[in-house]
Amino acid sequence: MSATAPDNARPVGTLLKRADFLRAARAGRAPMPGFLLQARERAAGEAEGIRVGFTCSKKVGNAVARNRAKRRLRAVAREVLPFAGCPGWDYVLIGRAGVTAERPHAALVADLEDALARVHRKRGSR
RNA sequence: GCGGAUGGCCGGACGGCCGCGGGCGGGUUACUGCCCGAGGAAAGUCCGGGCUCCACAGGGCACGGUGCCGGGUAACGCCCGGCGGGGGCAACCCCAGGGAAAGCGCCACAGAGAACAGACCGCCCGGAUCCGUCCGGGCAAGGGUGAAACGGUGGGGUAAAGGCCCACCGCGGGACGGGCAACCGGACCGGCACGGCAAGCCCCACCGGGAGCAAUGCCAAAUAGGGGCCUCGCGCCGCUGCCCUUCGGGGUCGGCAGGCACGCCCGAACCCGAGAGGCCCGGGUUGGCAGCACGACCCUUCCGGUAACGGCGGGGCCAGACGAAUGGUCGUCGAACCGGGGCCUGGCACCCCCCGGCGAACAGAACCCGGCUUACAGGCCAUCCGCAGCC
């Protein structure tokens, strides 16, 4: 990916702390067919770059179903966020039961691009 | 060929592009090379162990578990072999399988009667009679109830019957023989006495400290390395409860049973000791490393053993994450399934072949092992048993 568009790509970090997930949940959200996106613009001095986390609760299914949903969300984020994500933002992708594992990959990619646009626009208009 | 029984194995394949975790390297950085990377159940957390910390003076009762015999094992509630009972034509499978003459309790409904048996319908004898039956006595064979009715079948005998007597079977005892044992066989004796449930309590034998890798240890960081007040305190602690004796020091009084070196051993009461809990104030960390991947490990020649398994030798290194890697995506091929056709035939089914559709079960390591249990689309192999398609 970096080989095809080295100018636009930005590194993406990973969310690890529970507190970061909770803060993102309180900020903006964008429901989509395949998943739910939560996003937050961090305060100054918190961390650098784009960060992303994934959540699949037991509502999604057993361990196999949860892992599969997370892996597909990770794959989608890796294709989209380096270009469409904003530095200084935290994103959290939340899996949905059934849909996240079955929806075609291309549709998920489109969903994420739409969701990011909505979240960013909402922030800009505020 | 079809239907079964047992044991074992597999449980999508290949490729392109893009990635993730760990290890070993190269490079000043950017980056980059090689190797390894989920399961038979990783699951349920139901047993058993290793490991770590805590507790521990001994004993008894309670409590929990196991329950034919012998062996295997670190151990087990597991496995192997055998015994007994039950099922199946068979291969083979199943069993919570110690004790019911230690004691208590229960045995619904039905039925006359359900555990110190009993008499509803009946059978027999005698008497009475208004000829319908009634009274007294004997019997438990036949009928009926029930999960179960106090031995069964046949014969003798009898007023009618009954182990009343006899034969066989069952049951109880049992010399003796076989087996390490569970147990098996059984001369002979007994004339029938002994119902079921122990998965209701119980009895017997054996086993059992508690908590868990968020254990535990080390390092780092921090204005802190804590401070203040109160309560209880003789038994405290521990493991779920209880009981008995029991700690160290001091020690008055007492005791002479015993011993001697004649004040020591012994020792009730009493005193002291270690501590526990609660509240308030103030502050720090929510990091890193070890544990944590060489082990009751895996494969295997040979040897011992019926087997589980054990032994000698050879070879191998096989996930180590912590918001948690082991993949995402796109092709090609594809098991099974569904539909259609062909082949065979009098017809149908199976098998086989062709075309189209669909497109892979249960499920994701979290300290590690040995088991059990549960889930699983389907496929393959070996050995064994039964039957030889149907109309």
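What you see below is based on every heavy atom in this structure, not just the backbone, and it leaves out hydrogens, waters and symmetry mates. Within every chain, numbering begins at 1; the chains are lettered A, B, ... in the order of the sequence lines, protein sequences first and strands thereafter.
For the C1' atoms, the distance linking B/G320 with B/A365 amounts to 9 Å, nearest Å. Rounded to a whole angstrom, the distance from the P atom of B/A140 to that of B/A119 is 13 Å. Atom P of B/G122 sits at a distance of 28 Å from the matching atom of B/A117, rounded to the whole Å. Remark: the separation of the P atoms in B/G212 and B/U286 is 28 Å, to the nearest Å. Distance noted for atom P between B/G99 and B/C121: 44 Å (whole Å). Nucleotides B/C237 and B/G275, compared at atom C1', are 10 Å apart to the nearest Å. Comparing the C1' positions of B/A360 and B/C354 gives an interatomic distance of 24 Å, to the nearest angstrom. A distance of about 7 Å separates the C1' atoms of B/A321 and B/G21, rounded to the whole Å.
Nucleotide B/U45 is matched to nothing when pairs are restricted to Watson-Crick or G-U wobble geometry with both distances under 3.5 angstrom. The nucleotide B/C218 finds its pairing partner in B/G288, both defining distances of the Watson-Crick or G-U wobble pair being shorter than 3.5 Å. Nucleotide B/A175 forms a pair with no other nucleotide shown, judged by Watson-Crick or G-U wobble geometry with both contacts under 3.5 Å. Remark: B/A388 base-pairs with no nucleotide; criterion is Watson-Crick or G-U wobble with both hydrogen-bond distances under 3.5 Å. Taking a pair to require two hydrogen-bonding distances under 3.5 Å in either a Watson-Crick or a G-U wobble arrangement, B/G81 pairs with B/C69. Across all strands shown, the partner of B/A167 is B/U153, judged by Watson-Crick or G-U wobble contacts whose two distances both fall under 3.5 Å. Base-pair partner of B/G320: not found among the strands shown (Watson-Crick or G-U wobble, both distances under 3.5 Å). The partner of B/G304, taking Watson-Crick or G-U wobble pairs whose two distances both stay under 3.5 Å, is B/C309.
By the rule that a glycosidic angle within 90° of 0 means syn, B/A193 counts as syn. Glycosidic conformation of B/G49 is anti; the angle lies outside 90° of 0. With a glycosidic angle further than 90° from 0, B/C265 counts as anti. In textbook terms, a nucleotide whose glycosidic angle is within 90° of 0 is syn, while B/A110, being further out, is anti. Anti is the classification of B/G254, since its glycosidic angle lies more than 90° from 0.
Using a 4.5 Å heavy-atom threshold, the side chains of A/Asp111 and A/Leu37 count as separate. Between A/Leu116 and A/Leu112, some side-chain heavy-atom pair lies under the 4.5 Å cut-off.
In this structure, OH of A/Tyr91 is placed 19 Å from C1' of B/G323, rounded to the nearest angstrom. Taking atom CG of residue A/Leu108 and atom P of nucleotide B/G328, one finds them 13 Å apart after rounding to whole Å.
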